[in-house]
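Worksheet: one structure, shown below.
It should be emphasised that the depicted structure is a prediction, and the values quoted were computed from it without experimental measurement. Keep in mind that the numbers below use all heavy atoms, side chains included, and drop hydrogens, waters and symmetry copies. Lettering follows sequence order; numbering is per chain, from 1.
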There are 2 protein chains.
Amino acid sequence: MHITERFAKETARDFALRTLKHNIIILELAPGSLVSENELASEMGLSRTPVREALIELSRAQIVEVYPQKGSVVSKIDYHMVEEARFIRVVLEKAIVELACECALEDDLSLLEKNIKLQEFYIQNPSPDKLLELDNEFHLDLFKMVHKIQTYYLMDSMMVHFDRVRSMSLHTIKDIKIVEDHKAVLEAIKNKNKDQAKQAITKHLSRYIIDKDEIQKEYPDYFK
Amino acid sequence: MHITERFAKETARDFALRTLKHNIIILELAPGSLVSENELASEMGLSRTPVREALIELSRAQIVEVYPQKGSVVSKIDYHMVEEARFIRVVLEKAIVELACECALEDDLSLLEKNIKLQEFYIQNPSPDKLLELDNEFHLDLFKMVHKIQTYYLMDSMMVHFDRVRSMSLHTIKDIKIVEDHKAVLEAIKNKNKDQAKQAITKHLSRYIIDKDEIQKEYPDYFK
DNA sequence: AATTACAAGAATACTAGTAAACTAAAGGAA
DNA sequence: TTCCTTTAGTTTACTAGTATTCTTGTAATT
């Protein structure tokens, strides 16, 4: 398993959760993998409880399945669950940009603007990691500016389903497209044009449509 | 604290979670109450771990706040959080009934029909508890028929915010109105009329608009 | 040969004890 | 008096051990 450094003041539980999520997304803990509290705990240098608590949290989002007295497994890809995760995201983000059209302040807009400027910088000076980070931050900023942070966390808890399929995807999306999408969203919010904003965010989120059949042919064991 | 019987095969954690939620909703554990793992555990006749795990889950939805090495409190009513919970519910349920208009089968419709018939029975033979149960079941059935159960659970985790304010509410909603709302939703779905369905579900959910000021005057200590 | 019974092993659920951190009150010094 | 220090007590975070349940393999029996 891929273990990164534990942050200062990060609790053992948060560290376990972060590590598990990361390894599930990069497929180091592949769909269908058997995991046990004991094994994971010793790999991470923790005791069983914080690992157990992390597994419980992941199991609430159906990312792992815990079978009492039998063991725990990383859930196989359930394509329906991937689509449900996307459904939740599209529905909520459409409502969020709609609200943003109503109540965005100058400061909010310039925060988004600044983010996009940085994205353009990392297109010129390529850094896919930074761009991914800025993408996530852009969306979080949208939720923050309409004061719906809890909504973001709820949605985010389902995104692992999506992220790990994305990392199996055979063709990647051109970063420049993503930046253009973000610009379109910002533009619509500036114009207070709700339909335009909803359309732009929907277009953006549907870029991540996954070629299910190709991936399933490539990784048949990972699917339910 | 109000302790109900532990179900057969119910885990200690589920029992703790159910008991805590119930006591928070009926305000037996009032907003602002200090709770500790130890105290709750002995009241429920459990050890600290299952109680702790239940508290962790509630804290993810901001229903309790855990301060390491200091203590835990039942969150005071944060009106913004109540509105965010409602926001999530309205947005998601509107999307759900829209889907239902597209894909409801005969069996799905007759399930809803049957539920409404029962509601009418319990109007004639009054039972508020049964009616509340049927109301909840009606909404769950909507999510089930469009295969978005995980979405329901996500939304449901936030509903405690709403439910406990409802139990502080000074004027109750006439049960007959709720049944009429459900009929309107079903009718719209039958007609495959999305706008009508969205309007009906929005009307239904906005009945639970809470008279913030009245309640806040009645229970000032319960508010943040 | 097939099936049942049993034992060994492994895994989570739960219990319990320790560690670390924070609070608050008491007491001493300026 | 006021402020700082210290100490006792309480709380959650984490560690560790026990209980229970399920699986699996083996041996005995039919």
In whole Å, what is the span from the [atom1] atom of [X] to the [atom2] atom of [N]?
{"X": "A/Arg48", "N": "D/dG17", "atom1": "CZ", "atom2": "P", "value": "9 Å"}
{"X": "B/Leu58", "N": "D/dT12", "atom1": "CG", "atom2": "P", "value": "14 Å"}
{"X": "A/Phe15", "N": "D/dT15", "atom1": "CZ", "atom2": "P", "value": "12 Å"}
{"X": "A/Leu46", "N": "D/dA13", "atom1": "CG", "atom2": "P", "value": "15 Å"}
{"X": "A/Arg52", "N": "D/dT15", "atom1": "CZ", "atom2": "P", "value": "15 Å"}
{"X": "B/Lys9", "N": "D/dT21", "atom1": "NZ", "atom2": "C1'", "value": "11 Å"}
{"X": "B/Glu53", "N": "C/dA13", "atom1": "CD", "atom2": "P", "value": "8 Å"}
{"X": "A/Leu55", "N": "C/dA11", "atom1": "CG", "atom2": "P", "value": "13 Å"}

Checklist entry - Sequence neighbours excluded, which residues qualify as side-chain contact (heavy atoms from CB on, under 4.5 Å) partners of B/Glu214? => result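 Applying side-chain contact (heavy atoms from CB on, under 4.5 Å) to B/Glu214 gives B/Leu170, B/His171, B/Asp211.
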Checklist entry - Cation-pi between A/Arg164 and A/Tyr222: NZ/CZ under 6.0 Å from ring centre and within 45° of the ring axis? => result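 Pair A/Arg164/A/Tyr222 does not count as cation-pi.
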Next on the checklist: Does the structure place the NZ or CZ of A/Lys76 under 6.0 Å from the centre of the six-membered ring of A/Phe223, at an angle of no more than 45° from the ring's axis?
Outcome noted: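 So A/Lys76 doesn't make the cation-pi contact.
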Checklist entry - When you check the phosphate oxygens OP1 and OP2 of C/dT23, does a side-chain N or O of B/Lys70 lie under 4.0 Å from one of them? => result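 Indeed, a polar side-chain atom of B/Lys70 lies that close.
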Next on the checklist: Just N and O in the side chain of B/Thr49: are any of them under 4.0 Å from OP1 or OP2 of C/dA13?
Outcome noted: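 It does not, given that no N or O in the side chain of B/Thr49 lies less than 4.0 Å from OP1 or OP2 of C/dA13.
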Checklist entry - Near DNA chain D, under 4.0 Å by heavy atom, which residues of residues 29-40 of chain B? => result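 Close to the strand are B/Val35, B/Ser36, B/Glu37.
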Item to check | Side-chain donor-acceptor contact under 3.5 Å, B/His80 with B/His161 | outcome: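 Looking only at side-chain atoms, B/His161 and B/His80 do not form any donor-acceptor pair under 3.5 Å.
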Checklist entry - Strictly by modelled atom types, are B/Glu65 and B/Ser59 linked by a side-chain donor-acceptor pair under 3.5 Å? => result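 No, because no side-chain N or O of B/Glu65 sits under 3.5 Å from a partner of the opposite role on B/Ser59.
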Checklist entry - Nearest to the side chain of B/Ala12 - D/dC14, D/dT12, C/dC14? => result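 In terms of side-chain proximity for B/Ala12, the closest of D/dC14, D/dT12, C/dC14 is C/dC14.
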Checklist entry - Toward the 5' end of DNA chain D, which comes first, A/Glu10 or B/Gly71, by nearest nucleotide? => result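 So the residue in question is B/Gly71.
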Next on the checklist: Using the rule given for salt bridge (Lys or Arg N to Asp or Glu O under 4.0 Å), can you reason through A/Arg13 versus A/Glu57, listing the C-alpha separation, both sets of side-chain angles and the distance that settles it, and then say yes or no?
Outcome noted: CA-CA 10 Å; A/Arg13 170 156 52 102; A/Glu57 178 155 345; 5.0 Å; no
Next on the checklist: On the side chain of A/Gln69, is there an atom forming a donor-acceptor pair with the base of C/dT12 - under 3.5 Å, no angle test?
Outcome noted: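 Check passes, donor-acceptor contact within cut-off.
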Checklist entry - Rounded to the nearest 0.5 Å, what separation is found between the OG1 atom of B/Thr151 and the CE atom of A/Met158? => result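 With rounding to 0.5 Å, OG1 (B/Thr151) is 6.5 Å from CE (A/Met158).
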